[in-house]
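To keep things clear, I will list the structure first and then write my remarks on it.
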Amino acid sequence: MNVFRLTGDIAHLLAIILLLMKIWKTRSCAGVSGKSQMMFALVFTTRYLDLITNFISLYNTTMKMIFIASSYGTLYLMFLKFRATYDSNHDTFRMEFLVVPVAGLSFLVNHDFSPLEILWTFSIYLESVAILPQLFMISKTGEAETITSHYLFALGSYRALYILNWVYRFYFEGFFDLIAVVAGCVQTVLYCDFFYLYITKVWKGKKLTLPA
Amino acid sequence: ACRKKAKDEL
């Protein structure tokens with residue numbers, strides 16, 4: 001564990017808490033993409049199947065359980081409890097355009113052709129693009145609530161911090177995982193446009209709106 | 001190589 005990974009994990013946890021808080025406090029999931037959230041639940045489910053097969057640390061197990069539980073908690077709030085507030089008209093990104101190619105790629109490019117490993121690879125690839133329906137939704141409506149933009153910033157920062165973690169691990173532990181690194185870079189790049197808007201607008205106290 | 005170590009990441 002290094003400082004980059006720890007802050008990355010904390011940013012990830014913070015993002016999830018921010019999203020749950022936004023939905024709970026405003027009693028609304030307006031502006032949140034249910035499709036991105038469904039894919040995140042799928043990401044955690046397929047990646048953390050190793051909870052059953054091997055134990056790493058109490059920290060690892062606890063965080064994994066929190067991530068899985070919170071992703072399904074978010075789905076529960078969005079699709080059951082506050083279903084009426086779900087903005088499905090603006091959540092029109094086609095999930096199959098991401099899930100199908102990602103599934104295909106995880107069969108073709110992986111570290112080991114075994115079920116758990118393919119599912120892990122699938123989750124890594126899917127995570128890298130799972131935010132697209134959310135970003136697409138913001139581009140359709142042209143704006144995002146400030147709390148939603150904080151959520152996205154924390155969520156995007158997490159993988160950027162993981163890149164620093166991988167650089168650190170490469171130099172100090174001789175560890176390198178090409179699949180995770182490439183997917184992590186793709187994931188971070190997808191947020192760049194959002195990061196720019198967030199820093200130039202939200203940090204100056206304005207609402208996140210897209211240029212017309 | 002070293003793939004197994006990634007399993008300690010989240």
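None of these values were measured; they are calculated from a predicted model. A, B, ... follow the sequence lines: proteins, then strands. Residue 1 opens every chain.
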**Message:** Run A/Asp177 and B/Lys7 through salt bridge (charged side-chain N to carboxylate O under 4.0 Å, His left out) and show every step you take.
**Reply:** CA-CA 11 Å; A/Asp177 185 326; B/Lys7 290 286 190 208; over 6 Å; no
**Asked** Do B/Glu9 and A/Asn60 meet the criterion of a side-chain donor-acceptor pair at a distance under 3.5 Å?
**Response** no
**Prompt:** So which of A/His12, A/Met63, A/Arg47, A/Arg5 actually passes side-chain contact (heavy atoms from CB on, under 4.5 Å) with B/Leu10?
**Reply:** A/Met63
**Interchain contact, A/Tyr48 with chain B, by part (heavy-atom threshold 4.5 Å)** = side chain
**Prompt:** Does atom CZ of A/Phe170 have more than 12 heavy-atom neighbours from other groups under 6.0 Å away?
**Reply:** no
**Message:** For A/Tyr171, I'd like to know if atom OH has over 12 heavy atoms of other residues, nucleotides or ligands within 6.0 Å.
**Reply:** no
**Most contacts with chain B, counted as non-hydrogen pairs under 4.5 angstrom, among A/Leu178, A/Asp112, A/Asp9** = A/Asp9
**Message:** Surrounding CZ of A/Arg83 (heavy atoms of other residues, nucleotides or ligands, distance under 6.0 Å), is the total greater than 12?
**Reply:** no
